[in-house]
Enquirer: 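Here it is, the structure in full.
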Amino acid sequence: MAENQFTFENEQYRKTYWHTCSHIMAQAVKRLYPEVKLAIGPSIDNGFYYDLDSPFAFTPEIMEKIEAEMRKICKEKLKLERFELPRAEALEFMKNEPYKLELINDLPEDEVISFYKQGEFTDLCAGPHLDSTGRVKGNAIKLTACNAAYWRGDSNRETLQRIYGIAFPKKDQLDEYLAKIEEAKRRDHRKLGKELGLFTLMEEGPGFPFFLPKGMVLRNTLIDYWREVHKRYGYVEISTPMMLNRGLWERSGHWDHYKENMYTTVIDDVDFAVKPMNCPGGMLVYKSEPHSYRDLPLRVGELGLVHRHELSGALHGLFRVRCFTQDDAHIFMTWDQMKDEIKNVVRLFDEVYSVFGLEYEIEVSTMPEDHMGDEKDWDFATETLKAAVTEMGKDYIINEGDGAFYGPKLDFHLADSLGRTWQCGTIQLDMQLPERFELEYTGADGEKHRPVMIHRVVLGSIERFIGVITEHFAGAFPTWLAPVQVKALPVTDRTAEYADKVEQALNAAGFRAEVDHRSEKLGYKIREAQAQKIPYMLVLGDKEQENGTVSVRNRKGDTTVMLLDEFIAKLREEIDTKAR
C-alpha cells in the first residue's frame, strides 16, 4: 500500500486497521483469560469483531478490562510478522485451539497456511495487517457489544460469544461516532414506533407488523402522496392476487430459483404460492388485452402486499419483515423509448426524495456472470442507463457485475439526517420476463414486437420506508405526515367548549386535530404533546376565548398568538407545500 494511501478515508487501509484491532483484542483476551478459545476475528463495515468460546459471559466489567489491556498492547508497539507453516506443523502449532484446527483442516491442500505474530500472540490469518500495534491509537478503541453467534453461522454448531469493537486514528473521531450511535438509539424506529403508537410487533406473528391507528394515518397519508405523484407522472394503478398457482411461478423462474423464500399451499390439489413479488401478476395484466405501439409507454403501478420467508435471526423491526407492501411499477415500452422513460423515473424519484429531505447517490449495476440474454442487448441497456443519468446532470458510481440476471439496474442509496445510507429506490431494465411471458405489441409496421420492461420502486417497501423516515425525523414528522397535527389545550374548564369549537373548525378544514380535556396541569399537557412529537399545540385560555384567537406553540417551544383563521391559513400552506 503506497504511503499516500495510509489514511482512514481509504477503505483498504481502514479495513486493515480494524482487522489489526481484532488481533489486538484477541491478544488481550488471551493474556487475561488464557482458557478462552479463539474462533475468527474479521473487520466489518463498521469496525471489527472476534468470536470466542468462553466458559464465562463477557460482562461489561470484563469488556472494560479487555479494552484496558488493548490500550497496553498498543503502547507496546509490537511488530506484526507474517510467516507460513506446512500443514502438519500448522496443526501442531494450533493444537490447543480447536476452531483454528477445523479451519486449517478445511483449507485446500495447495493453500498457503499463514500466521501473524505480535509479541507472545500468534493467530492463524491471511492478513493483511498494519506493521505494528503502535499504529493503533489505544485511547480511540471502544468495545461496543457482545452477542451470541453460531460457529460458522450454523445453528446446529457451538454457540460462541461475539465481541464487537470500533476504533479510529483520533479520539475525537471515536467520540463523534459514539455520539452518533447514541443518537441512532434515540431515533430507533422500534422504540419510537411503540412510544408514538405507530406499530407493534408481536410473538404471535414474528416478522408480520401490526399497524396501530396513528400508524395507519401515517401509512395512508404516505400512500395518498404516492398515488398523487404517480397520477401526475402518467401511471395507472392495478391490484393483482396475493396467491397464484405453481405454473405461473415456474414460468417466471421463481419456483426453481426462489422457492425456499416463498410460502406455499395446496388448493384443489394444485400447488399455489403467496406472491413474493408483484412482477408475474403484472405480466398477466399486460397480456390480458392486445397492445399497440400507440399504447406505449404503459406505466402500471401496484401497491402489492408480498410475503417472503426470512430467517428469524434476520428480522429487524420494519427494516426486515416477512410481509411488506412493495410500491412497484412496471413500465412497458419500445427500445427507443427507454432513455426518456428512465429520465422520467429519475425525475419522479428526485421529487419524492426531496420532499423528505433525503439526498441520494446513484449506483449503476452491470451484467453479472450468471446472466440471461445477448451481451449486445446488455451493453445497449447499460449505456442507456448511464446516458440517461448523465444527461440529467447527475453522477453515478459503477457496481461491476451486480445487475440482476435479467438486466442492468440503477440503485438509489438515500442518506438520512445521521448520514446513514439506505437502499430504497431501484430502476431495473428487464429484457427477459417479456420473453418468458411472450409479451407483444403491434408496431407501426403492423408486425408483432417484444416490449422492453422497467421494474421500479421508489419507496421500496412502505413498511421499511416508514422505518427510515421515523429515524430520519426522529419521530417529529413534517406537519403533512404527522398522525396528529394539532393538539388543543384548554387551560381551564371555562375554555373547554371553546377548545371543542377550535377542534371542530380544524377538522372541518381537513386537518387532524384533537383536544386534551384531561384534568391535568397545562405544563404536563404540553410536555405530553411534545413527547408525542405533535407539530402544534394551541393553548386556549380566557383571553384567547374572548378574542377568538389561539396561542400557537410549536415543537421547538416558540409561541405566537393569532386569529384562528390566520392559523388555519398558515397550516394549509405548510401542508400544501409539504414543508419540512
Side-chain angles (χ1 to χ4, degrees), residues 5 7 9-12 14-15 45-46 229-230 233 235 279 297 299 301 326-331 333-433 452-461 464-465 468-469 472:
Q5 290 181 304
T7 64
E9 288 69 35
N10 179 281
E11 183 181 6
Q12 184 184 350
R14 189 167 63 247
K15 289 191 172 182
D45 288 343
N46 282 302
V229 169
H230 283 75
Y233 277 79
Y235 288 77
C279 319
R299 308 180 188 106
Q326 201 160 36
D327 69 312
D328 261 324
H330 299 104
I331 303 171
M333 62 199 169
T334 64
W335 282 83
D336 61 348
Q337 291 170 335
M338 191 186 295
K339 187 191 288 185
D340 285 342
E341 281 309 298
I342 293 164
K343 287 181 176 180
N344 194 52
V345 175
V346 173
R347 276 190 284 271
L348 185 152
F349 283 19
D350 210 39
E351 177 179 333
V352 171
Y353 297 151
S354 65
V355 162
F356 298 96
L358 294 164
E359 297 181 355
Y360 61 83
E361 286 187 348
I362 301 175
E363 187 176 76
V364 179
S365 296
T366 61
M367 184 178 72
E369 287 187 21
D370 180 22
H371 68 274
M372 295 176 65
D374 193 303
E375 285 196 28
K376 287 182 181 178
D377 291 341
W378 273 86
D379 290 342
F380 177 81
T382 304
E383 290 308 311
T384 302
L385 284 173
K386 292 178 183 176
V389 172
T390 301
E391 287 175 20
M392 295 188 73
K394 297 184 181 296
D395 298 322
Y396 61 83
I397 57 174
I398 296 290
N399 187 5
E400 208 67 64
D402 200 42
F405 72 88
Y406 49 77
K409 61 177 179 170
L410 298 178
D411 286 328
F412 289 70
H413 297 272
L414 311 184
D416 69 10
S417 55
L418 291 183
R420 299 171 301 179
T421 57
W422 310 91
Q423 201 272 298
C424 291
T426 188
I427 303 172
Q428 300 178 350
L429 284 171
D430 190 345
M431 296 92 75
Q432 305 311 317
L433 268 187
V452 185
M453 189 174 76
I454 287 177
H455 305 255
R456 49 110 293 194
V457 292
V458 55
L459 306 181
S461 146
R464 185 168 182 264
F465 194 77
V468 170
I469 61 173
H472 175 57

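Everything numeric in this text was worked out from a predicted model, so none of it was measured. All residue numbers refer to positions in the sequence shown, counting from 1.
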Enquirer: Please round to the nearest 0.5 Å and tell me the distance separating atom OG1 of Thr7 and atom CD of Gln12.
Expert: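 Result: 11.0 Å between the selected atoms.
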Enquirer: Quick one: CZ on Phe349 to CG on Leu459, what's the gap to the nearest 0.5 Å?
Expert: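 Phe349 CZ to Leu459 CG: 9.0 Å, rounded to 0.5 Å.
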Enquirer: Hey, what do you get for CD1 (Ile342) to CG (Leu385), rounding to the nearest 0.5 Å?
Expert: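 That separation rounds to 4.5 Å.
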Enquirer: With a cut-off of 3.5 Å and sequence neighbours excluded, list every side-chain donor-acceptor pair involving residues 357-367.
Expert:
from, atom 1, to, atom 2, distance (Å)
Tyr360, OH, Asp350, OD1, 2.5
Tyr360, OH, Lys394, NZ, 3.1
Glu363, OE1, Asn399, ND2, 3.2
Glu363, OE1, His413, NE2, 3.3
Thr366, OG1, Glu400, OE2, 2.8
Thr366, OG1, Gly401, N, 2.7

Enquirer: Do you know the tightest heavy-atom contact between Arg347 and Asp340?
Expert: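 So the two residues come closest at NH2-O, 4.4 Å.
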Enquirer: Under 3.5 Å, which donor-acceptor pairs link side chains of residues 372-379 to any protein atom two or more places apart or in another chain?
Expert:
from, atom 1, to, atom 2, distance (Å)
Asp374, OD1, Lys376, N, 2.7
Trp378, NE1, Met372, O, 2.8

Enquirer: For His330 and His455: C-alpha separation, side-chain torsions, deciding distance, then whether side-chain contact (heavy atoms from CB on, under 4.5 Å) applies.
Expert: CA-CA 5 Å; His330 299 104; His455 305 255; 3.4 Å; yes
Enquirer: Please name all residues satisfying ring pair (Phe, Tyr, Trp, His ring centres under 6.0 Å) with Tyr235, sequence neighbours left out, ordered by chain then number.
Expert: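 For Tyr235 the ring pair (Phe, Tyr, Trp, His ring centres under 6.0 Å) partners, ignoring immediate neighbours, are His230.
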Enquirer: Ignoring hydrogens, what is the shortest heavy-atom contact between Arg464 and Ser461? Give both atom names and the distance.
Expert: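 Heavy atoms only, the tightest pair is N-OG, 3.1 Å.
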Enquirer: If you take all heavy atoms of Asp402 and Lys409, which pair is closest and at what distance?
Expert: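 Residues Asp402 and Lys409, closest heavy atoms: O-CE, 3.5 Å.
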Enquirer: Closest heavy-atom contact between Pro297 and Met333?
Expert: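 What the structure gives for the nearest pair is CB-CB, 4.2 Å.
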Enquirer: Just to verify, what does Arg14 make a salt bridge (charged side-chain N to carboxylate O under 4.0 Å, His left out) with, not counting sequence neighbours?
Expert: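 Arg14 satisfies salt bridge (charged side-chain N to carboxylate O under 4.0 Å, His left out) with no residue once adjacent residues are dropped.
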Enquirer: Please report the shortest heavy-atom distance between Cys424 and Val457, naming the atom on each side.
Expert: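 So the minimum-distance heavy-atom pair works out to O-CG2, 3.6 Å.
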Enquirer: Say you draw a straight line from CE of Met392 to NZ of Lys339; how long is it, rounded to the nearest 0.5 Å?
Expert: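 Going from the CE atom of Met392 to the NZ atom of Lys339 covers 12.5 Å.
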Enquirer: Within a strict 4.5 Å, meaning less than it, do heavy atoms of the Leu414 and Thr421 side chains meet?
Expert: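 Side chain of Leu414 against side chain of Thr421, heavy atoms only: no contact under 4.5 Å found.
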Enquirer: Would you confirm whether Asp430, through its side chain, and Met453, through its main-chain N or O, come within 3.5 Å as a donor-acceptor pair?
Expert: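 Judged by distance alone, no pair lies under 3.5 Å.
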Enquirer: Under the side-chain contact (heavy atoms from CB on, under 4.5 Å) criterion, do Ile331 and Gln337 qualify, and how do the steps go?
Expert: CA-CA 11 Å; Ile331 303 171; Gln337 291 170 335; over 6 Å; no
Enquirer: Do the side chain of Tyr396 and the main chain of Leu410 share a donor and acceptor less than 3.5 angstrom apart?
Expert: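 Not a single qualifying donor-acceptor pair exists.
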Enquirer: Checking Phe412 against Val458 for the side-chain contact (heavy atoms from CB on, under 4.5 Å) test, could you report, in this order, the C-alpha distance in whole Å, the side-chain angles of both residues, the deciding distance, and whether it holds?
Expert: CA-CA 9 Å; Phe412 289 70; Val458 55; over 6 Å; no
Enquirer: Name all residues meeting the ring pair (Phe, Tyr, Trp, His ring centres under 6.0 Å) criterion together with His472; count only those two or more places apart in sequence or in a different chain, and write none if there are none.
Expert: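 By the ring pair (Phe, Tyr, Trp, His ring centres under 6.0 Å) rule, His472 matches no residue at all.
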Enquirer: Students often mix this up, so state it plainly: with edges at 30° and 60°, are the rings of Phe356 and Phe465 parallel, tilted or perpendicular?
Expert: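 Phe356 and Phe465: perpendicular rings.
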Enquirer: Taking all non-hydrogen atoms of both residues into account, name the closest pair between Arg456 and Asp327 and its distance.
Expert: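 Between these two residues, the closest heavy atoms are NH2-O, 3.4 Å.
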Enquirer: Roughly how far, to the nearest 0.5 Å, is the CD atom of Glu341 from the OG1 atom of Thr334?
Expert: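 Here the interatomic distance stands at 9.0 Å.
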Enquirer: Under the criterion side-chain contact (heavy atoms from CB on, under 4.5 Å), I'd like the reasoning laid out for Glu11 against Asp45: C-alpha separation, chi angles, the key distance, then a yes or no.
Expert: CA-CA 9 Å; Glu11 183 181 6; Asp45 288 343; 5.6 Å; no
Enquirer: With Tyr233, which residues qualify under side-chain hydrogen bond (donor to acceptor under 3.5 Å, both in side chains), at least two apart?
Expert: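 Testing Tyr233 for side-chain hydrogen bond (donor to acceptor under 3.5 Å, both in side chains), a comparison that skips the adjacent residues, returns Glu351.
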